[in-house]
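Here's the structure we're looking at; comments come further down.
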Amino acid sequence: MKSIRLREGKERSLLRRHRWVFEGSIAKGKADPGETVRVETHDGRFLAWGAYSPQSAIRVRVWSFDESERIDAAFFARRVRAAAALRARLAIDSDALRLVHGEADGLPGLVVDRYGDTLVAQFGCAGVERWKAALADALLQVCGGTRLYERSDLGVRRLEGLPEQQGWLRGEGPTLLTIREHGWSLQVDIAQGHKTGTYLDQRDSRQRFALWVRRLGCADVLNCFSYTGGFTLAALAGGAQRVASVDSSAPALQSACANVQRNGFDTARHVAVDADVNAHLRLCLEQGRRFDAIVLDPPKFAHTAAQAERAARAYKDINRLALKLLRPGGLLFSFSCSGGIGVELFHKIVAGAALDAGVDGAIVERLGAAPDHPATLSFPEGEYLKGLAVLVAG
Ligand code: SAH
C-alpha cells in the first residue's frame, strides 16, 4: 500500500472529516490514478484511506477514516447500501431520486440518479473511475435493476486526465423515460438532457411553488430558465391561468410543451419563449407586462470562488428585473446553484436587487436541495443550491 505523507499541520481538515487533500498539503508520496493510498501525518500516523488523483489539484479524496476498513468491492457495496437505506427513509414522492450524492454518501466523485428501473451514473474522478465495475455491480444489486447508463460527459474529468464517456454500462433500454413527481409526469432524456437528465434537486421547491401559487391565487406566472418545465407544471397544478416558460434551449422548451400536454393541462394556458432570460425580462418591462409570480432558476453563474463577484452582478441583475416585473404582493422564487455564492451572499444579492428595483419584500421561505441531495456537516462545499421565496410588499 502506498502512503501519502502530509506536511506538518496539514492534517487539520482531515481530522474534521473533510474528504479532500489538496496537492499543496502533500510532503511526499505518489500513486497511480485512482489507486488507494494511506494518508498519514508528517510523522506517519494514519489519517485516512483515499483515492489518488495524480493530475488533479484535489490530489486525494478520502474513502474512509477508519484504519481497519479495507477498500474493496465489499466496501463499495456497503456504501451503496447505506446510501439506498437513507433514501428509503426519506419517503420521496417520486420514482426518480438521487441514490448517491458524492461526498455526502462517502463516495467522492460519484453521482447516481435513479429513474424508475434505470440508473444513470456520473463518475467524476479517478477513484470512482477505477472502481467503476464494482460500483456498477453494487448499484444494480441494491436496486434490483439491470440497466445502468453512464453520463460521465463531464468537463471536470479533464482535470483528472480522464476522457468524457457516455453510454450503457450495464444492460440497455430506452433513453427517453417518463418519471412521476408529486403526481405529475415528466419526460426525461437521460442521453441528451442536462446532468443525468433532469434537475431532481429542485423537486421539493417545485412542490412548494405549486403550493404558493395556489395559496396566493397567482394567475400570471413567468418561469425563467424553465428547462423542461418542472416549475411550469407546478404553476399549472397550483391553478395559474397563464404560464410562460423561458429558456434558450429549443429542445428543453419542446420537452416543456410535451410535459404540459402529457399532464392534461390546457395548452392554451402555457407559452414557451425561446429567449435569453435577461433580454426577455427587459422586453417584458418595456412592454409594461406584470406577473403574479416569477421563478428564477439560472444555471451556475460562478464555477469557481474567483468568479463569484461577476456572478453576483449577474444574479442581482435578473433579480432586480424580476422584482420590477412583479405586481404588488407578487411572489419571487429565486435560486442560485453556484457553490461559490453562499446563503448569506445570496440573501444580500437579492436584498440589493430589491433596493435597486425600489420594492420592499419579505422572505417567506428559504429553499434548498431536496433531501436526497444531502450535504454533510463536514463538507460545506456540498451545499450548493439555495433559494429564497420573496413576497413583494402589496
Ligand atoms: N428550473 C429547471 C432547471 C433549470 S436549469 C427545473 O426545475 O428543471 C437552467 C436552464 O437555463 C437550462 O435549461 C438552460 O438551457 C437555461 N439557460 C441557460 N442560460 C440561459 C439564458 N441566458 N437565457 C435563457 N435560458 C438559459
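Just so you know, ligand 1 is whichever comes first in the structure, and atom 1 is the first atom listed for that ligand.
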Those atoms of ligand 1 less than 4.0 Å from some heavy atom in [X]:
X	answer
Y227	2 (C), 3 (C), 4 (C), 8 (O), 13 (O)
A275	23 (N), 24 (C)
F231	1 (N), 7 (O)

contact_flag [X] ligand 1 heavy-atom lt 4.0 Å:
X	result
G229	no
T228	no
H280	no

How far is [atom] from the closest protein heavy atom, and which atom is that?
atom	value
atom 9 (C) of ligand 1	D297 O, 3.7 Å
atom 22 (N) of ligand 1	D276 OD1, 2.7 Å
atom 13 (O) of ligand 1	D247 OD2, 2.7 Å
atom 4 (C) of ligand 1	F225 O, 3.1 Å

Compute whether any side-chain donor of one residue and acceptor of the other, for [X] and [Y], lie under 3.5 angstrom apart.
X	Y	result
R151	T196	no
S152	Q165	no
S53	E160	yes
S64	D66	no
T232	S245	yes

For ligand 1 and [X], I'd like to know whether there is a polar contact (N/O to N/O, distance under 3.5 Å).
X	answer
R206	yes
Y199	no
T198	no
V277	yes

If you take the nearest heavy atom of each of S248, S255, C337, A256, which one is closest to atom 17 (N) of ligand 1?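 Considering heavy atoms of S248, S255, C337, A256, the nearest to atom 17 (N) of ligand 1 sits in S248.
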Next on the checklist: Taking NZ in K348 as the centre, count heavy atoms belonging to other residues, nucleotides or ligands within less than 6.0 Å. Is the count above 12?
Outcome noted: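 Open: at most 12 neighbouring heavy atoms sit under 6.0 Å from NZ of K348.
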- Task: State plainly whether the residues R157 and E164 are in salt-bridge range, i.e. N to O under 4.0 Å.
- Result: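 No, this pair does not count.
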**Asked** Salt bridge or not for R170 and D137, using N-O below 4.0 Å?
**Response**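 Looking at R170 and D137, the cut-off is met.
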message = Between Y315 and F335, is the ring centroid distance below 6.0 Å?
response =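 Between Y315 and F335, the centre distance exceeds or equals 6.0 Å.
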Subject >> Residue portion contacting ligand 1 (non-hydrogen atoms closer than 4.0 Å) for C224 >> reply: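 Near ligand 1, C224 shows nothing, with every heavy atom at 4.0 Å or more.
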### From CA spacing to verdict: ring-ring contact (aromatic ring centres under 6.0 Å, His included), F265, H270
CA-CA 9 Å; F265 293 117; H270 175 242; 9.8 Å; no
